[in-house]
Amino acid sequence: QVQLVESGGGLVQAGGSLRLSCAASGRTFSIYAMGWFRQAPGTEREFVAGIIWSGSGISYSDSVKGRFTISSDYAKNTVTLQMNSLKPEDTAVYYCAANRGRITSDHRQYDYWGQGTQVTVSS
């Protein structure tokens with residue numbers, strides 16, 4: 001079993017920055033890939049960024065490329081999402097997810113999920 005806890009969400013003005021963190025505990029040795037997803041009201045859960053746990057591979061959605069950066073600290077069992085140049089369209093609940101398989105944009109294929117943290121970007 002793996003537990004994931006997100007932190008760092010909040011309210012920020014457009015153009016500002018936030019840093020989200022995800023702390024993993026439990027049987028973290030079973031994790032191969034981790035990802036960040038977001039879900040806005042009335043929408044399906046959307047892939048944001050993913051990373052191979054060791055840091056050997058990274059993937060971003062087109063909407064966040066150049067603005068967001070995902071990184072991992074394998075020794076500390078943490079994954080971070082640095083979000084810069086935030087836009088109102090980034091407003092959503094952000095979820096950390098872990099997968100025993102590869103990076104994928106399909107949220108249905110992830111094995112473990114955090115509780116989510118709200119990010120609100122005002123105009």
Exercise for the section: List the steps, then state whether side chain to side chain contact (heavy atoms under 4.5 Å, CB included) holds for I58 with I70. Expected result: CA-CA 8 Å; I58 294 174; I70 188 170; 3.6 Å; yes
Could you report the tightest heavy-atom contact between [X] and [Y], atom names first, then the distance?
{"X": "G57", "Y": "I103", "answer": "O-CD1, 3.8 Å"}
{"X": "S21", "Y": "T80", "answer": "OG-OG1, 4.0 Å"}
{"X": "S30", "Y": "V2", "answer": "OG-CG2, 3.9 Å"}
{"X": "S123", "Y": "A14", "answer": "CA-CB, 4.4 Å"}
{"X": "N84", "Y": "S17", "answer": "OD1-OG, 2.9 Å"}

Interatomic spacing from [atom1] in [X] to [atom2] in [Y] - rounded to 0.5 Å:
{"X": "T78", "Y": "D73", "atom1": "OG1", "atom2": "CG", "result": "4.5 Å"}
{"X": "I31", "Y": "S54", "atom1": "CD1", "atom2": "OG", "result": "12.5 Å"}
{"X": "N77", "Y": "Q3", "atom1": "CG", "atom2": "CD", "result": "12.5 Å"}
{"X": "Y112", "Y": "R100", "atom1": "OH", "atom2": "CZ", "result": "4.5 Å"}
{"X": "R102", "Y": "Q109", "atom1": "CZ", "atom2": "CD", "result": "5.5 Å"}
{"X": "S25", "Y": "Q1", "atom1": "OG", "atom2": "CD", "result": "8.5 Å"}

Per salt bridge (Lys or Arg N to Asp or Glu O under 4.0 Å), R38 is matched among E44, E46, E6 by E46
Under a single-linkage definition using a 4.5 Å side-chain heavy-atom cutoff for Ile, Leu, Val, Met, Phe, Trp and Tyr, are [X] and [Y] assigned to the same hydrophobic cluster?
{"X": "V121", "Y": "Y94", "result": "yes"}
{"X": "W53", "Y": "I51", "result": "yes"}
{"X": "W113", "Y": "V93", "result": "yes"}
{"X": "Y74", "Y": "L20", "result": "yes"}
{"X": "Y95", "Y": "Y32", "result": "yes"}

Disulfide (SG to SG under 2.5 Å) pairs touching residues 15-78, sequence neighbours excluded, are C22-C96
(message) If you define the side chain from C-beta out and look only at heavy atoms, does anything of Q13 sit under 4.5 Å from L86?
(response) no
Classify the ring geometry of F47 against F37: parallel below 30°, tilted from 30° to 60°, perpendicular beyond 60°.
perpendicular
Review point. Given the rule in the side chain to side chain contact (heavy atoms under 4.5 Å, CB included) test, do L81 and M83 qualify, once you have shown the distances and angles that lead to the verdict?
Key: CA-CA 6 Å; L81 185 69; M83 305 185 295; 3.9 Å; yes
* For the residue pair Q82 and R19, confirm or rule out a side-chain donor-acceptor distance under 3.5 Å. => yes
For the side chain of Y60 and the backbone of R67, is there at least one donor-acceptor N/O pair under 3.5 Å apart? no
Derivation and outcome, side chain to side chain contact (heavy atoms under 4.5 Å, CB included), residues L18 and F68:
CA-CA 10 Å; L18 284 174; F68 292 8; over 6 Å; no
Could K87 and D90 be called an ion pair, given the rule that one side-chain N must be under 4.0 Å from one carboxylate O?
no
Apply side chain to side chain contact (heavy atoms under 4.5 Å, CB included) to residues Y110 and T104 and explain how you reach the verdict. CA-CA 8 Å; Y110 283 76; T104 174; 3.4 Å; yes
